[in-house]
Amino acid sequence: KEEAIQIFADEAKEKMAYELRQRGRLATDEVDFYISTVRNRLPPALRAMPAREALQRFAASEQDLRNQEQLKYEKCVKAKCQKLASLSDSLSAARQSLHQAPDRSLVEKLEK
């Protein structure tokens, strides 16, 4: 009886070891596929580097792009704020001119 249990346990261990090796091979193949896919998308200069260095540089260049986009956005907002301030100044000057106009009835009509 104990011998049968031992045979069964040995067979189960072998089967599990085989199954784990198979899964490991499949996982390795999948990782190799992803690495080759990513490598093909990298610029040639980065492809020639070791993977760790290339990915670090690629990540840094992506961050640089995000920073550049943020700077462009901030410049655009600043320019729009300056334009708005300029328009506000022009509007104030026009209003001032209207108040100094001899015909106050026109001013009263525009303010309504």
Side-chain angles (χ1 to χ4, degrees):
K1 192 175 185 178
E2 286 181 28
E3 187 177 322
I5 293 174
Q6 185 62 41
I7 291 172
F8 178 75
D10 289 343
E11 285 179 6
K13 284 180 187 177
E14 285 178 32
K15 186 173 183 175
M16 288 176 65
Y18 174 79
E19 192 67 33
L20 288 174
R21 282 192 299 275
Q22 285 297 101
R23 289 182 183 188
R25 284 187 196 110
L26 289 174
T28 301
D29 291 344
E30 192 172 347
V31 167
D32 287 343
F33 171 76
Y34 288 128
I35 288 172
S36 68
T37 300
V38 168
R39 186 171 284 152
N40 290 335
R41 292 183 182 176
L42 292 173
L46 291 177
R47 266 188 249 154
M49 295 178 190
R52 182 181 304 262
E53 183 181 349
L55 292 173
Q56 286 173 343
R57 287 195 184 186
F58 185 73
S61 67
E62 286 292 311
Q63 184 61 42
D64 289 344
L65 285 175
R66 279 189 231 111
N67 290 343
Q68 289 173 5
E69 288 298 317
Q70 181 66 27
L71 287 174
K72 284 180 189 176
Y73 175 75
E74 289 172 3
K75 285 180 183 178
C76 180
V77 169
K78 186 176 180 179
K80 287 182 180 182
C81 287
Q82 288 172 342
K83 176 115 176 152
L84 185 60
S86 174
L87 289 171
S88 179
D89 291 344
S90 296
L91 185 60
S92 293
R95 180 176 282 148
Q96 188 69 22
S97 293
L98 280 175
H99 284 291
Q100 293 173 355
D103 187 3
R104 297 287 301 158
S105 62
L106 176 63
V107 175
E108 291 171 3
K109 287 179 186 177
L110 289 175
E111 287 182 345
K112 288 182 183 179

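Nothing fancy with the numbering, it's 1 onward along the sequence. The structure presented is a predicted model; accordingly, all values stated were derived computationally and were not measured.
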Using side-chain contact (heavy atoms from CB on, under 4.5 Å) as the criterion, list what pairs up with L20, not counting sequence neighbours.
none

May I have all residue pairs that pass salt bridge (charged side-chain N to carboxylate O under 4.0 Å, His left out) and include part of residues 15-35, sequence neighbours excluded?
E19-R23

With sequence neighbours excluded, residues passing salt bridge (charged side-chain N to carboxylate O under 4.0 Å, His left out) with K72:
E69

Between side-chain atoms of residues 76-93 and protein atoms elsewhere (two or more places apart, or another chain), which donor-acceptor pairs fall under 3.5 Å?
unit_1 : atom_1 : unit_2 : atom_2 : d
S90    : OG     : S86    : O      : 3.1
S92    : OG     : S88    : O      : 3.1

Going by side-chain contact (heavy atoms from CB on, under 4.5 Å), name the residues that satisfy it together with Q70, two or more places apart in sequence or in a different chain.
Y73, E74

E14: what forms a side chain to side chain donor-acceptor pair (under 3.5 Å) with it, not counting sequence neighbours?
none

